[in-house]
Amino acid sequence: MSRNYPIGTQNFVDLIESGAIYVDKTAFMARLIQHSFHKSYFLSRPRRFGKSLFVDALEQVWNGNQALFKGLDIYDKITWDKHPVIRFSLDKIGFKHLGLENALLEMVQDAAVKHQITLKKTYSGGCFEELIEKVHEKYQKKVVVLIDEYDKPIIHGIEKDNSTLAETNRDILKAFYGILKDSEKHLRFTFI
């Protein structure tokens with residue numbers, strides 16, 4: 001029986017359930033999780049290197065879905081404590097039409113709805129900080145933040161040969177990501 005090569009697959013559950021070939025990167029995940037004195041990680045790789053699939057697999061780990069990882073290195077290497085996950089992909093937020101600030105605000109508000117939380121703040125950074133705090137409070141567990149395509153709004157400006165747009169988006173993202181530092185007491189794990 002031949003197995004499929006999952007070219008372009010970004011959904012870990014689909015990949016595992018289809019029996020496709022998976023290059024096991026879970027030993028790396030286990031090391032990240034086990035080093036609890038480090039909470040935040042940043043990974044930059046070229047396109048098509050499996051970053052989105054890696055983020056999706058991390059979400060399944062933090063959701064406590066141990067059964068999906070049977071036969072993989074991480075299966076018996078960590079405690080499978082479930083943590084609330086806030087996951088964003090900046091490729092999918094509509095910043096080209098809404099503008100980055102409005103798109104980030106909408107993205108955070110959508111996450112609040114998913115977690116059944118009402119936010120009072122009305123700007124993206126304030127909402128993001130409030131979301132992290134309220135998710136921690138609601139579940140009584142520290143929060144996991146996973147961000148995919150972290151630089152897409154900046155790349156968009158560069159691709160459009162618009163350095164002003166790229167710089168504006170960079171400054172907006174710098175302030176947005178700065179919330180993570182100020183929210184450290186509420187965070188169990190951050191991966192960008």
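Source: prediction; values computed, not measured.
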Margin query: Test side-chain contact (heavy atoms from CB on, under 4.5 Å) on T168 and T164; report intermediate values, then the result.
Written below: CA-CA 6 Å; T168 299; T164 303; 4.3 Å; yes

More than 12 heavy atoms of other residues, nucleotides or ligands under 6.0 Å from [atom1] of [X]: yes or no?
{"X": "Q116", "atom1": "CD", "result": "no"}
{"X": "K82", "atom1": "NZ", "result": "no"}
{"X": "D161", "atom1": "CG", "result": "no"}

Indicate if [X] and [Y] have the same hydrophobic cluster label, given that clusters are the connected sets of ILVMFWY residues with side-chain heavy-atom separations under 4.5 angstrom.
{"X": "I16", "Y": "F28", "value": "yes"}
{"X": "L180", "Y": "L58", "value": "no"}
{"X": "F88", "Y": "F12", "value": "no"}
{"X": "W62", "Y": "I117", "value": "no"}
{"X": "L131", "Y": "L146", "value": "no"}

Of the non-hydrogen atoms in [X] and [Y], which two are nearest, and what is the gap between them?
{"X": "K142", "Y": "L187", "answer": "CD-O, 3.6 Å"}
{"X": "M29", "Y": "A57", "answer": "CE-CB, 3.3 Å"}
{"X": "V85", "Y": "H115", "answer": "O-NE2, 3.0 Å"}
{"X": "R87", "Y": "E59", "answer": "NH1-OE1, 2.6 Å"}
{"X": "L72", "Y": "L68", "answer": "CD1-O, 4.4 Å"}
{"X": "I93", "Y": "A103", "answer": "O-CB, 3.3 Å"}

If you measure from [atom1] on [X] to [atom2] on [Y], what distance do you get to the nearest 0.5 Å?
{"X": "M107", "Y": "L104", "atom1": "CE", "atom2": "CG", "answer": "4.5 Å"}
{"X": "L100", "Y": "L90", "atom1": "CG", "atom2": "CG", "answer": "7.0 Å"}
{"X": "L15", "Y": "Q60", "atom1": "CG", "atom2": "CD", "answer": "11.5 Å"}
{"X": "L105", "Y": "D110", "atom1": "CG", "atom2": "CG", "answer": "9.5 Å"}
{"X": "K185", "Y": "K39", "atom1": "NZ", "atom2": "NZ", "answer": "11.0 Å"}
{"X": "I158", "Y": "I154", "atom1": "CD1", "atom2": "CD1", "answer": "7.0 Å"}

Next item on the list: Please tell me if the side chains of Y123 and V108 come closer than 4.5 Å, counting only heavy atoms from C-beta onward.
Entry: no

Note to self: Do V61 and W80 have side chains that approach each other closer than 4.5 Å (heavy atoms only, starting at C-beta)?
What the structure shows: yes

Note to self: Taking K121 first and then E130, would you say they form a salt bridge - that is, a charged N and a carboxylate O separated by under 4.0 Å?
What the structure shows: no

Between [X] and [Y], what is the ring plane arrangement, given parallel below 30°, perpendicular above 60°, and tilted in between?
{"X": "F176", "Y": "F128", "value": "parallel"}
{"X": "F42", "Y": "Y150", "value": "perpendicular"}
{"X": "F189", "Y": "Y41", "value": "tilted"}

Item checked: Polar contact flag, side-chain donor to acceptor under 3.5 angstrom, D24-T26 -> yes

Notebook entry, point to check: If we ignore angles and hydrogens, is there a donor and acceptor under 3.5 Å between the side chains of S89 and E149?
Noted result: no

Check: How far apart are the C-alpha atoms of S183 and E129, what are their side-chain angles, what is the distance that settles it, and do they pass the side-chain hydrogen bond (donor to acceptor under 3.5 Å, both in side chains) test?
Finding: CA-CA 7 Å; S183 300; E129 183 175 28; 4.6 Å; no

Between [X] and [Y] (side chain of the first, backbone of the second, donor and acceptor by atom type, cut-off under 3.5 Å), is there such a pair?
{"X": "H83", "Y": "K141", "value": "no"}
{"X": "H35", "Y": "R31", "value": "yes"}
{"X": "K51", "Y": "D148", "value": "no"}

Note to self: Is the distance from the ring center of F69 to that of Y22 below 6.0 Å?
What the structure shows: no

